[in-house]
Each structure stands twice: as C-alpha cells, then as structure tokens.
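What follows is a short report on a single structure.
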Amino acid sequence: MEMNQAKTRTSLLAGIACGLLSACSSEPPLASIDQLVTDMTQRIEAITAAEKLGDVVPRFNQPKTIACLDGQFEVHDDVPADLKKGLFAKAASYPARLRFANASEMDDSKKDIRGLSIKLSGVQGDVLWGEQGTQDFILNSYPALFVSTPEDFLGFIRARQQDEKLRFFLNPFNAHLKSLWIVFKARQKNNSPLDMQFWSTVPFALGSEQQAVKYSAIPCSGYQTEQPVNPGSNQLRSAIKAHLQQQPACFHFAVQTQADPPSMPIEDASVIWDEEQSPFINVATLTLEDQSFDTPQSLAQCERISFNPWQSLAAHKPLGRMNEVRRAVYANAEKFRNKERP
Ligand code: HEM
C-alpha cells in the first residue's frame, strides 16, 4: 500500500516537473526498432516465465488456446484485377491450419478479445522470413488495436510487468483514454468463434508498398450458435465442435484497400479504416469440416505452433513500425516459450 502511494507521489512529481520545465514534449522522439525489440523481448520473457503452467510457457498475447483446426483456403477465380496480386493472383486451394484463442482470459465465458491465426501451406514464391511455402495471417476480433504505436505497446507491456495496467490507461500525465475505450468496446462475450468477424488491424502491402490493405475474415456459415454450448471455461471449444458436427464452417477472406491515406493511416493501429469509404472485398473462402480437434495431442501441438506476420510472400509485406517490431518480437517469444527446459 505504502509502496503504491510512493509510486503515485513519484509520478505526480515527475508530471509537475515536466509541466514546469516544459522538458517533456507531448511527442517524445521515436525509439529505434532494435531498442523496442530488445526492451519488449526482455519484458515478455519475464512476464511469460512467471505465468508458466506445468511444462507450458504461455504466449504473451492470446495465451488461451480455444482450438487448432485444419481447413481449406480457396482463392476465388473472380478476384477484381487490381487485387489479383501475390496469393490472390490466381484461383488455387491451400491447406490451412487455424488457431482460435482468447487474448487474456482463460475462461471462455468471460468478455475478451479473440484471435484467429491462419497458416497456409503449399504457397509458391519466396517468403520474407521463416519457412518457404508458408503464408501466415494474424487477426483480432476488433478492427483496431488498442494502442497506436509500438512505443505505446511497450508502455502497456511495462505496466503489465509492474502489475499496474490501470495506470497505463489512467496516468494523469500520460493517459491512454482512447486505448481504454477501445478495450472496453473490443472485449465481448461470444457464443462461437465461428460466427465472429476478425481483422488484421494493421496494414500489409498488396503487390507493392504503393497499395496498402487490411484483411478480414468474415463468417459465412449457414449455421449460427445461438447460446453458449456447455457454458463454462471451454464453451467456445464446445461451440466449435457442436457447429462442425451440424455442418461445415465458412469464412470469407477479404481485403480492404487504403483509399484515403490521411484518414486510413499506416502508422496508427488504433484507427479503423472506414468500411463505407473502402469496403472489404472477398478474395477467398476458408472452409472447415468436422474433425477431431479437442484431443490432448491437438491442444499440445497448438501450444507449440507459432505465427509471424513476416512469414509471408513479399507481395503481402507487413507495413508500418508496429509490424516492423513484431518480426523479431514474435520470433523471440516463440523461441523462448518452446525452449527445451530441464
Ligand atoms: C508491437 C505490437 C505487438 C506486439 C509487441 C505483439 C506481441 C505478441 C506476442 C509476443 C505474441 C506471442 C507470440 C508467440 O509466442 O508465438 C503475440 C501473439 C499474437 N498477437 Fe500480437 N503483438 C503486437 C501486435 C499485434 C497486432 C497488431 C495484432 C492484430 C491482429 C496482434 C494479434 C496477435 C494474435 C492473434 C496473437 C496469437 C498468435 C498465435 O496464435 O500464436 N498482435 N503478440
């Protein structure tokens, strides 16, 4: 208690000093990508090591595995000419491995942001990083990220490490009220991940860096889960199972082009690109058939699998500093959590 009061006093004094000396400009200089990666990696390792459960070091983000599933990703033959780039250049079918997850809650019945990560195999062309023949897409269940920049993300990681998340949002001298609002709107109770829309939130190139796009997976199944199936901590896993036993699941995979750079920025991940100004256009369909996925083997494989936005064809290069930082942060995080431990 006394410790907390002392911390609050220190930050108050720092804030007053800033104001009096005008030494703390509202726009601090940008950190280098290397600095951000090093600082984030050290903190993420400390946080996840402390959260280790049995043999498993959880992911820093999206730690609760709902399910890993196999699917098929079919690129349409009628993709509009200006979007026929990279993977979407010609009609083709790719095996897909999907991971559905919760951003922070282990209990599926609680409000949360959900994640959908997709790994395609059999892809032709050189990749920017990682394994040849593979293309990853990493999506969240809200169209904006809760922070604008990697510097803000680092601020949040620091607060989480110090167990002071609320202070990140409400610090009177550096409040993140928009972030708090986004978290409030993005965290939802859900009946099934198969009925939810997911977004990349950050942009990627399409063909060349002159054309930026965001991605979305939009549910298109004929079946909807109306209420929680087996309410409780694994209810979303149960909902997937019940759905697939009734009929296959389907998502449209769609791209949204950057039509107006000032209102659709690359460097602010908290801005939603207006769908009226630039609607998502379907370029592929993802289909999931009934399968056995809630086995201990499948769940253990799901803990080990990893995704990286840079596991990608050059035609879909990740754009912006937020994505720049993610290349090494995800690679380091994966190595750390999958490291052999005595
Ligand atoms: C600087 C920005 C970001 C940082 C530092 C960061 C950090 C991380 C880390 C460390 C992991 C765990 C990786 C692993 O252990 O394999 C992760 C996973 C994840 N992140 Fe991020 N993230 C950032 C931005 C984003 C954005 C913009 C999205 C938007 C979709 C996102 C969505 C996800 C998802 C869905 C996962 C789970 C991946 C999986 O299933 O393995 N993150 N993030």
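Order of listing sets the numbers, starting from 1, for every ligand and every atom in it.
Contacts of V202 with ligand 1, taken as heavy-atom pairs under 4.0 Å, involve the side chain alone. Of all the heavy atoms of L139, the ones lying under 4.0 Å from any atom of ligand 1 belong exclusively to the backbone.
Evaluated for a side-chain contact (heavy atoms from CB on, under 4.5 Å) with V283, the options V79, V75, D78 yield exactly one hit, V79.
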Does the pair L139 and W199 meet the rule for a side chain to side chain contact (heavy atoms under 4.5 Å, CB included), with working shown? CA-CA 5 Å; L139 313 170; W199 293 262; 5.9 Å; no
Decide salt bridge (charged side-chain N to carboxylate O under 4.0 Å, His left out) for R187 and E105; before the verdict, give the C-alpha distance in whole Å, the side-chain angles of both, and the deciding distance to 0.1 Å. CA-CA 10 Å; R187 285 171 62 89; E105 302 290 352; 3.0 Å; yes
With side-chain hydrogen bond (donor to acceptor under 3.5 Å, both in side chains) as the criterion, how do D107 and S109 come out once you've worked through the C-alpha distance, each side chain's angles and the decisive distance to 0.1 Å? CA-CA 6 Å; D107 180 345; S109 67; 2.7 Å; yes
Decide yes or no on side chain to side chain contact (heavy atoms under 4.5 Å, CB included) for W273 and T257, but give the supporting numbers first. CA-CA 9 Å; W273 289 7; T257 54; over 6 Å; no
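Donor-acceptor pairing under 3.5 Å is lacking for the side chains of Q247 and S221.
Heavy-atom contacts of T201 reach the following atoms of ligand 1: 27 (C), 29 (C) (cutoff under 4.0 Å). Those atoms of ligand 1 with a heavy atom of S200 less than 4.0 angstrom away are 29 (C), 30 (C). Contact atoms of ligand 1 toward L145: 26 (C), 27 (C) (distance under 4.0 Å to a heavy atom of the residue). Set against the non-hydrogen atoms of R337, the atoms of ligand 1 under 4.0 Å away are 14 (C), 15 (O), 16 (O). For ligand 1, the atoms lying closer than 4.0 Å to a non-hydrogen atom of I44 are 10 (C).
If you check which protein heavy atom lies closest to atom 38 (C) of ligand 1, you get S117 OG, 3.4 Å. Nearest non-hydrogen protein atom to atom 4 (C) of ligand 1 is F153 CZ, 3.7 Å. For atom 1 (C) of ligand 1, the closest non-hydrogen atom on the protein side is M322 SD, 3.4 Å. Nearest non-hydrogen protein atom to atom 41 (O) of ligand 1 is R59 NE, 2.7 Å. In this structure, the protein non-hydrogen atom closest to atom 5 (C) of ligand 1 is M40 SD, 3.6 Å.
Between H252 and H76, the angle of the ring planes goes over 60°, which puts this pair in the perpendicular group of the 30/60° scheme. Note: Y215 and F137 have perpendicular aromatic rings, judged against thresholds of 30 and 60 degrees for the angle between ring planes. Aromatic ring orientation, F146 versus F156: perpendicular (interplanar angle above 60°, classes split at 30° and 60°).
Between Y330 and F307, the distance from one ring center to the other does not fall under 6.0 angstrom.
At a threshold of 4.5 Å between side-chain heavy atoms, the hydrophobic network of Ile, Leu, Val, Met, Phe, Trp and Tyr places I47 and V329 in one connected group.
Residue K52 places its NZ atom among more than 12 non-hydrogen atoms of other residues, nucleotides or ligands, all under 6.0 Å distant.
Taking distances strictly below 2.8 Å, the protein N/O/S atoms close to atom 21 (Fe) of ligand 1 are Y330 OH.
For A101, the closest heavy-atom approach to ligand 1 does not fall below 4.0 Å.
At least one N or O atom of R99, backbone or side chain, sits closer than 3.5 Å to an N or O atom of ligand 1.
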